[in-house]
Amino acid sequence: MQVSSKKAWLADRFDEGLVFLKSVERGKCFIEYIPADNAWVPIEAEGYMYIDCLWVSGSFKGHGYSTDLLNACIEDSKAKGKKGLCILCADKKMPFLADPKFLKYKGFEKCDASDNGIGLWYLSFTASAEAPRFKECARHPRIDEKGYVLYYTSQCPFNAKYVPIVEKTAADNGIPFKAIHLESREAAQKAPTPVTNYALFHDGAYVTNEQMNDKKFLKLALG
């Protein structure tokens, strides 16, 4: 069921311009990108292409796959008349976010930042292009609800399969927990966080974008 929801999400996005490219190593190395107006993140980036995911599995790193995939994205985006690329990146290492050293090496610059250390980076194809920026709701990640609140989508990286596990673990241990599945682009673009595929809050404050299984969640919640 969870895998089918991911496939359904991808299928629906192809009509909106999503591109999914795999290297010769098949599922071990891939890039996924979409016109920024259709991205499921709260950004203002008219005319840009947004990179959802650039993934190279551990043992395949250092062999040029990231560069090859990024170059293909750049070439395709220029052919489609885009102003440039943008992508999320953390100031310090966070799961499933781009490596700032790699982005800087490839000519990307940070154009905006949120209070929780997540930045918006961009590569402009023209000197006159206006830089992308976060929407105000994402610049200051915070919510009013108490307890643990998880926002998630069905996009890459796919986290939805872990949500029922955390829900059950929280219920079994009397931990206040609420999961909010962002099921539309409009909802995702209004989210109170730059990272929408998995964003966990506690008593209003942003905690992490790291996938939680039962053990990780209990360690976090109970210490």
Side-chain angles (χ1 to χ4, degrees), residues 31-34 36 39-45 48-56 58 61 66 70 73 84-124 130-153 155-160 162-163 166 177-182 185 187-213 216-217 219-221 223:
I31 189 170
E32 181 182 308
Y33 56 93
I34 192 169
W40 284 45
V41 287
I43 60 174
E44 299 283 356
Y48 279 82
M49 195 73 82
Y50 174 76
I51 299 175
D52 276 332
C53 197
L54 174 56
W55 174 253
V56 175
K61 292 179 180 179
S66 293
L70 181 60
C73 174
L85 308 177
C86 55
I87 187 172
L88 295 184
C89 179
D91 293 339
K92 60 182 180 179
K93 185 172 177 59
M94 287 189 182
F96 305 109
L97 291 179
D99 179 355
K101 291 182 180 179
F102 174 75
L103 293 182
K104 185 176 289 188
Y105 176 69
K106 292 301 178 182
F108 282 75
E109 299 177 75
K110 182 163 67 172
C111 51
D112 205 351
S114 65
D115 291 347
N116 60 348
I118 295 173
L120 181 62
W121 288 57
Y122 82 119
L123 176 67
S124 176
E130 182 179 357
R133 64 185 184 274
F134 284 130
K135 292 185 177 180
E136 196 62 26
C137 59
R139 194 170 281 116
H140 312 289
R142 186 160 188 87
I143 61 175
D144 294 329
E145 296 184 64
K146 295 294 184 180
Y148 285 93
V149 179
L150 173 66
Y151 289 81
Y152 72 103
T153 68
Q155 70 185 85
C156 174
F158 187 57
N159 296 295
Y162 296 101
V163 176
V166 177
F177 179 87
K178 177 182 179 181
I180 299 174
H181 190 188
L182 301 171
R185 179 179 70 241
Q189 290 181 353
K190 294 177 182 177
T193 167
V195 179
T196 57
N197 50 10
Y198 198 98
L200 184 65
F201 290 79
H202 180 241
D203 288 345
Y206 179 84
V207 178
T208 185
N209 72 314
E210 183 179 5
Q211 294 172 343
M212 291 281 123
N213 57 25
K216 284 183 179 180
F217 180 70
K219 182 178 181 180
L220 174 68

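Looking at every heavy atom in both residues, Ile34 comes nearest to Ala39 through CG2-CA, 3.9 Å. Residues Ala131 and Cys111 come closest through the heavy atom pair CB-CB, 3.9 Å. Heavy atoms only, all atoms of each residue included: Ala191 and Leu182 are closest at CB-CD1, 4.1 Å. What you find for Ala188 and Thr196 is that their closest heavy atoms are O-CG2, 3.7 Å. When all heavy atoms are compared, the tightest approach of Pro194 to Pro42 is O-CD, 3.9 Å.
Under the rule for a side chain to side chain donor-acceptor pair (under 3.5 Å), the partners of Asp115 that lie at least two apart in sequence or sit in another chain are His140. Residues forming a ring pair (Phe, Tyr, Trp, His ring centres under 6.0 Å) with Tyr148 (at least two apart in sequence, or on another chain): His202, Phe217. Qualifying side chain to side chain contact (heavy atoms under 4.5 Å, CB included) partners for Glu145, counting only residues two or more places apart in sequence or in other chains: Ile143, Val149, Lys178, Ile180. Lys216 pairs by the salt bridge (charged side-chain N to carboxylate O under 4.0 Å, His left out) definition with Glu210, not counting sequence neighbours. The side chain to side chain donor-acceptor pair (under 3.5 Å) test applied to Thr208 returns no partner, not counting sequence neighbours. Contacts of Ala179 classified as side chain to side chain contact (heavy atoms under 4.5 Å, CB included), with partners at least two apart in sequence or in another chain: Tyr152, Val163, Glu167, Phe177. By the side chain to side chain contact (heavy atoms under 4.5 Å, CB included) test, Ala45 is found to be paired with Ala36, Ile43, Tyr48, Cys86, Pro132, residues two or more places apart in sequence or in another chain being considered. In this structure, Tyr33 has no ring pair (Phe, Tyr, Trp, His ring centres under 6.0 Å) partners at least two apart in sequence or on a different chain. Taking the salt bridge (charged side-chain N to carboxylate O under 4.0 Å, His left out) definition, one finds that Lys110 meets it with Asp91, sequence neighbours left out. Judged as a salt bridge (charged side-chain N to carboxylate O under 4.0 Å, His left out), and not counting sequence neighbours, the contacts of Glu130 are Arg133. Annotation: side chain to side chain contact (heavy atoms under 4.5 Å, CB included) contacts of Lys106 (sequence neighbours excluded): Thr67, Leu70, Phe102, Phe108. Remark: Arg139 engages Asp112, Glu136 in a side chain to side chain donor-acceptor pair (under 3.5 Å) (not counting sequence neighbours).
Using a 4.5 Å heavy-atom cutoff, the side chains of Leu200 and Val166 are not in contact. Side chains of Val195 and Leu97 form a contact here, defined as non-hydrogen atoms less than 4.5 Å apart.
Considering Tyr198, Trp40, Phe201, Tyr206 in turn, Phe201 is the only one that fulfils the ring pair (Phe, Tyr, Trp, His ring centres under 6.0 Å) rule with Tyr151.
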